[in-house]
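Because the structure is a prediction, the values reported are computed rather than measured. For this chain, numbers begin at 1 and follow the sequence in order.
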Amino acid sequence: MSYTVNSSILLTDLPINDRPQAVASAGFTRAEFWWPFPTSTPSDAEIQEFVDALKNAGVQLTGLNFYAGDMPGGERGVLSQPARSDEFQANIDAVVKIAQATGCNAFNALYGNRLDGEDAAEQDRIGVENLQRAADAVAPLGGVVLLEPVSGTEAYPLKTAADALAIIEKVGRDNVKLLADFYHLAVNGDDVERVIEDHAADFGHIQIADNPGRNEPGTGELPLEKWIDRSRELGYDGVIGLEYKASQEDPFAWLPREKRA
């Protein structure tokens with residue numbers, strides 16, 4: 001099993017550029033991040049500092065979110081929002097720069113909340129076009145754009161695997177794939193076992209957290225190991241993203257050190 005540490009939900013007591021070294025010190029060699037900058041268009045110097053932090057720690061960046069707006073404030077992406085479409089498109093260039101510097105090839109594009117007063121069909125039209133732009137931009141790098149069902153935000157329209165797959169079909173690009181976050185799918189009432197049976201071979205990425213609590217595996221009731229094993233049996237060969245909130249001082253105590261690298 002290969003794991004990658006989501007260093008935007010974990011290790012949050014440290015500055016962003018200190019987290020790769022913390023990942024390495026915990027015995028891991030891979031990390032993923034939500035968008036690590038406060039704006040969609042960081043300076044070249046800011047990008048270089050982030051890239052250097054990964055290289056100096058010997059940590060491979062396996063996943064990166066596109067700019068998703070004010071996440072602490074409840075935003076979950078901007079790509080389907082008419083007034084912010086240009087902001088997302090400008091962000092694509094920064095994502096490509098980081099990809100070129102790190103070899104990262106998986107990019108999570110949070111779809112964006114529905115907006116009061118905006119036509120949902122128009123939001124979807126813009127969303128599909130921006131996903132196409134993103135997919136075309138990362139394709140020369142072997143990149144995959146990930147689309148994720150999300151829980152906890154009523155205005156976010158993609159709540160099940162079927163919701164995300166319907167948009168992916170409209171995008172019509174082979175390098176746009178489902179991000180199967182087993183926590184989000186389970187919390188939203190999706191049939192996770194059915195999703196795995198039908199789509200595991202085509203998953204772009206898997207992320208895990210237990211439920212209730214969104215904490216470490218083993219703290220809740222989800223059969224995460226069973227779901228991961230079945231996904232692998234059916235053809236998923238990617239890493240497993242650890243995207244949970246720490247409930248104890250050592251967030252990785254559940255996983256023996258020899259199994260982390």
Side-chain angles (χ1 to χ4, degrees), residues 1-14 16-37 50-66 68 71 95 98-110 138 141-150 175 177-185 196 200 202-210 214-219 222 224-225 227-232 235-246 250-261:
M1 195 78 70
S2 297
Y3 297 100
T4 184
V5 177
N6 189 297
S7 302
S8 293
I9 194 170
L10 289 163
L11 307 172
T12 54
D13 57 322
L14 298 172
I16 284 287
N17 290 336
D18 289 347
R19 296 179 198 177
Q21 185 56 59
V23 169
S25 296
F28 295 93
T29 58
R30 304 169 185 86
E32 61 185 22
F33 282 81
W34 301 340
W35 186 243
F37 308 102
F50 178 65
V51 169
D52 287 346
L54 290 159
K55 289 183 177 179
N56 292 339
V59 169
Q60 175 61 49
L61 184 66
T62 61
L64 181 69
N65 282 25
F66 287 91
M71 292 274 284
V95 169
I98 295 171
Q100 291 171 329
T102 63
C104 182
N105 62 6
F107 309 97
N108 186 12
L110 289 177
V138 302
L141 306 174
V144 173
V145 173
L146 304 169
L147 195 61
E148 178 182 19
V150 169
N175 66 327
K177 295 182 178 293
L178 175 67
L179 195 168
D181 184 311
F182 291 157
Y183 168 81
H184 286 311
L185 293 175
I196 291 169
D202 298 318
F203 285 167
H205 186 35
I206 290 174
Q207 291 176 331
I208 60 171
D210 217 332
R214 200 180 182 181
N215 301 130
E216 300 89 340
T219 58
L222 299 184
L224 296 171
E225 186 174 356
W227 289 345
I228 292 168
D229 288 347
R230 184 56 177 158
S231 296
R232 293 210 180 280
Y236 177 74
D237 60 1
V239 295
I240 305 300
L242 304 180
E243 196 190 43
Y244 56 78
K245 296 182 291 185
D250 179 0
F252 309 115
W254 64 277
L255 185 63
R257 195 175 182 89
E258 64 270 17
K259 296 183 179 181
R260 297 179 187 182

Query raised in the report: Is it the case that more than 12 heavy atoms not belonging to Asp237 sit under 6.0 Å from its CG atom?
Result: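 No.
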Query raised in the report: Got more than 12 heavy atoms from elsewhere within 6.0 Å of CD, Gln100?
Result: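 For Gln100, atom CD is crowded (more than 12 foreign heavy atoms under 6.0 Å).
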To the nearest 0.5 Å, how far apart are [atom1] in [X] and [atom2] in [Y]?
X: Ser8; Y: Ile16; atom1: OG; atom2: CD1; result: 5.0 Å
X: Ile208; Y: Glu225; atom1: CD1; atom2: CD; result: 9.5 Å
X: Tyr183; Y: Leu224; atom1: OH; atom2: CG; result: 11.5 Å
X: Leu146; Y: Asn65; atom1: CG; atom2: CG; result: 8.5 Å
X: Ile98; Y: Leu54; atom1: CD1; atom2: CG; result: 9.0 Å
X: Leu242; Y: Ile206; atom1: CG; atom2: CD1; result: 12.0 Å

**Report entry** Pairwise side-chain contact, Cys104 with Val95, heavy-atom cut-off 4.5 Å (strictly under)
**Finding:**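 No, side chains not in contact.
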**Report entry** Close side-chain approach of Trp35 and Leu64, heavy atoms under 4.5 Å
**Finding:**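 Yes, side chains in contact.
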Query raised in the report: Got a sec, which residues hit side chain to side chain donor-acceptor pair (under 3.5 Å) with Glu32, two or more places apart in sequence or on another chain?
Result: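 Only Asn6, His205, Gln207 meet the side chain to side chain donor-acceptor pair (under 3.5 Å) criterion with Glu32.
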Minimum heavy-atom separation for [X] and [Y], please, with both atom names.
X: Asn215; Y: Lys245; answer: ND2-O, 2.9 Å
X: Glu148; Y: Leu110; answer: OE1-CD2, 3.5 Å
X: Leu147; Y: Ala109; answer: CD1-O, 3.4 Å
X: Phe107; Y: Gly143; answer: CE1-CA, 4.0 Å
X: Ala246; Y: Leu10; answer: N-CD2, 4.0 Å
X: Pro20; Y: Ala53; answer: CB-O, 3.5 Å

Requested in this report: Only counting residues at least two apart or in another chain, list the ones meeting salt bridge (charged side-chain N to carboxylate O under 4.0 Å, His left out) with Arg232.
Outcome: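 Counting only residues at least two positions away or on another chain, Arg232 forms no salt bridge (charged side-chain N to carboxylate O under 4.0 Å, His left out).
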Query raised in the report: Taking only residues two or more places apart in sequence, or in another chain, which ones meet Glu243 in a salt bridge (charged side-chain N to carboxylate O under 4.0 Å, His left out)?
Result: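 Testing Glu243 for salt bridge (charged side-chain N to carboxylate O under 4.0 Å, His left out), a comparison that skips the adjacent residues, returns Arg214.
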Restricting to ring-ring contact (aromatic ring centres under 6.0 Å, His included), what partner residues turn up for [X], sequence neighbours left out?
X: Phe203; result: none
X: Phe33; result: Phe50
X: Tyr236; result: none
X: Phe182; result: Trp227

Go through the structure and list residues passing side chain to side chain contact (heavy atoms under 4.5 Å, CB included) with [X], not counting sequence neighbours.
X: Asn56; value: Asp52
X: Ala261; value: Thr29
X: Lys55; value: Val51
X: Thr12; value: Arg19

Query raised in the report: Taking the side chain from Asp210 and the backbone from Leu222, do they hold a donor-acceptor pair closer than 3.5 Å?
Result: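 Yes; at least one donor-acceptor contact below 3.5 Å.
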Requested in this report: Sort and list the pairs that fulfil side chain to side chain donor-acceptor pair (under 3.5 Å) and have at least one residue in residues 252-261, not counting sequence neighbours.
Outcome: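 Pairs touching residues 252-261 that pass the test: Tyr244-Trp254.
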